[in-house]
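It should be emphasised that the depicted structure is a prediction, and the values quoted were computed from it without experimental measurement.
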Amino acid sequence: MENQKDDILMKERSSRACISAGYRLYTGNFKRIFRYSWVAALIYAVACSIGGTFMVLRPQTTLLALVIVIIAEALFTAYGFAILKQHQQTGTINWPTKWFNLDTHIFVRTLKACLNQLVIYILVGVLIGGIGYVAIKYLSLYTGLACIGAACLLVIILLLPLVYIVTRYILTDGIGFWRQLSIGYPVGMRHWGFIFIVILIATLIVLAISTFTALPATILSLANVQATKSMMMGDPNGMPSYVGWLAAATYLLIGFIQAYVQLSLLFPVYYMYGSIDAQEKAKQDFNKNQQ
């Protein structure tokens, strides 16, 4: 059981403290989190297995495979947010009472957040593409590429507050995504450095673990690419006849493990969101007392 005083959400914390509190909450309650979410993790793993197998055997279906995986990941992410919502309301993570749990309200808000972010990313992508096209057409290829690189860097900087906004939107009822965006964006920009440090460190941790656990899938994919190149040159297929089953089993196992590796990222972000709101409240209270 986590320490109630140390692990409360609305508390001002440093970036290091947010990361520490997040992983402490995650590891300290992992059995309960696993019991609550294993069905969703299995669904995500099956989606990874289907998607990964299609990418190995039929590379032309890669886009469809990615869509399947993204939908399943949204479902599993919703389970993570449902767990955090429970902790936000009660200060603890309880043992589940049913083997299959789905908070439809959180799932809908998670799905809406994903779709709305997709709209933002598409608009940004069109904008960057337009900038690159104009620069290449009227200036030069290298200047155009430089403009695209600079635009991408600027977009990353400007979109970083979305991490805070999306988390707050999913865990706060009664407000729509775009309204939350208009309210939360200035707040997120004021705490940009804080968000950047938390996301950078937590992402590096996840990437390090993910790279290690995904090594068998990486080897399998590289072997398939090499086999495809050989076939294009007229050589026989060097992959064994059971490669389909091997790919399915590999991606199923790795997808299940990766689900919980990626889920851990939500917990430092959860405390980051709580710390930002606590800092904003303290600032508002201070300003009121000065009036």
Checklist entry - Roughly how far, to the nearest 0.5 Å, is CD1 of I209 from OG of S264? => result 6.0 Å

Checklist entry - Any donor and acceptor pair, going by atom type alone, linking the side chain of S37 with main-chain N or O of A40 inside 3.5 Å? => result no

Checklist outcome for this item: What one should report as the nearest heavy-atom pair of Q279 and R13 is NE2-O, 4.1 Å

Item to check | Cluster check W192, Y185: I/L/V/M/F/W/Y, side chain < 4.5 angstrom | outcome: yes

Checklist entry - Can you list the steps and then say if V269 with I195 is a side-chain contact (heavy atoms from CB on, under 4.5 Å)? => result CA-CA 8 Å; V269 170; I195 296 173; over 6 Å; no

Checklist entry - Is there a path of hydrophobic side-chain contacts, each under 4.5 Å between heavy atoms of I, L, V, M, F, W or Y residues, that connects I175 with F177? => result no

Next on the checklist: Could you check whether Q180 and Y164, counting side-chain N and O atoms only, form a donor-acceptor pair closer than 3.5 Å?
Outcome noted: no

Item to check | Test item: I43 and V46 side chains (from C-beta on) under 4.5 Å apart, heavy atoms | outcome: no

Checklist entry - Does V124 belong to the same Ile/Leu/Val/Met/Phe/Trp/Tyr cluster as L153, with side-chain heavy atoms less than 4.5 Å apart forming each link? => result yes

Next on the checklist: A quick test of your reading: do over 12 heavy atoms of other residues, nucleotides or ligands sit less than 6.0 Å from CZ of F30?
Outcome noted: yes

Item to check | Any side-chain heavy-atom pair of Y26 and P268 under 4.5 Å | outcome: no

Checklist entry - Is the closest basic N to carboxylate O distance between K85 and D103 below 4.0 Å? => result no

Item to check | side-chain contact (heavy atoms from CB on, under 4.5 Å) evaluation trace for V163 with M272 | outcome: CA-CA 10 Å; V163 178; M272 178 200 76; 4.0 Å; yes

Checklist entry - Can you check whether T77 reaches F107 side chain to side chain, under 4.5 Å on heavy atoms? => result no

Checklist entry - For F81, is the NZ or CZ atom of R109 found under 6.0 angstrom from the centre of its six-membered ring and inside 45 degrees of the ring axis? => result no

Next on the checklist: Does either side chain, that of N116 or that of Y121, offer a donor lying less than 3.5 Å from an acceptor on the other one?
Outcome noted: no

Item to check | Trace of the salt bridge (Lys or Arg N to Asp or Glu O under 4.0 Å) decision for D277 with K281 | outcome: CA-CA 6 Å; D277 275 13; K281 186 178 184 305; over 6 Å; no

Checklist entry - Can you list the steps and then say if I120 with L162 is a side-chain contact (heavy atoms from CB on, under 4.5 Å)? => result CA-CA 10 Å; I120 294 174; L162 276 177; 4.3 Å; yes

Next on the checklist: Any side-chain to backbone donor/acceptor pair from T92 onto N94? Under 3.5 Å, distance only.
Outcome noted: no

Checklist entry - Rounded to the nearest 0.5 Å, how far apart are CG of L171 and OG1 of T110? => result 8.5 Å

Checklist entry - How long is the span from the CE atom in M10 to the CD1 atom in I8, to the nearest 0.5 Å? => result 10.0 Å

Checklist entry - Just checking, any donor-acceptor pair under 3.5 angstrom between side chains of Q258 and S210? => result yes

Checklist entry - Shortest non-hydrogen contact from L252 to A45? => result O-CB, 3.3 Å

Checklist outcome for this item: Correct closest heavy-atom pair for I106 and A82 would be CG2-N, 3.8 Å

Next on the checklist: So which atom in I131 and which in C147 form the shortest heavy-atom distance, rounded to 0.1 Å?
Outcome noted: CG2-CB, 4.2 Å

Checklist entry - So which heavy atom on I128 is nearest to which on C152, and how close? => result CD1-SG, 4.0 Å

Item to check | Check against side-chain contact (heavy atoms from CB on, under 4.5 Å), Y23 and I205 | outcome: CA-CA 11 Å; Y23 282 109; I205 293 173; 3.8 Å; yes

Item to check | Side-chain heavy-atom pair C18, F194 within 4.5 angstrom cut-off | outcome: yes

Checklist outcome for this item: In T172, I170, L84, the residue satisfying side-chain contact (heavy atoms from CB on, under 4.5 Å) with Y273 is T172

Checklist entry - Tell me, do I33 and L263 make a side-chain contact under 4.5 Å, heavy atoms counted? => result yes

Next on the checklist: Does either side chain, that of H87 or that of N29, offer a donor lying less than 3.5 Å from an acceptor on the other one?
Outcome noted: no

Next on the checklist: Using modelled atom types and a 3.5 Å cut-off, is there a donor and acceptor pairing between side-chain atoms of T203 and backbone atoms of L200?
Outcome noted: no

Checklist entry - What about F256 and Y44, are their ring centers closer than 6.0 Å? => result no

Item to check | Centroid-centroid distance, Y271 to F267, less than 6.0 Å | outcome: no

Checklist entry - Distance from E12 atom CD to K283 atom NZ, nearest 0.5 Å? => result 12.0 Å

Checklist entry - Less than 4.5 Å apart, any side-chain heavy atom of I93 and any of L25? => result yes

Checklist entry - Is I165 reachable from I183 through a run of hydrophobic residues whose side-chain heavy atoms are each under 4.5 Å from the next? => result no

Checklist entry - Say you draw a straight line from CD1 of I276 to OG1 of T167; how long is it, rounded to the nearest 0.5 Å? => result 9.0 Å

Item to check | Step-by-step ring-ring contact (aromatic ring centres under 6.0 Å, His included) determination, F76 to Y260 | outcome: CA-CA 9 Å; F76 185 68; Y260 286 100; 5.4 Å; yes

Checklist outcome for this item: Tightest non-hydrogen contact, residues G144 and A135, listed as CA-CB, 3.5 Å

Item to check | Cluster link I201 to L207, ILVMFWY, side chain under 4.5 Å | outcome: no

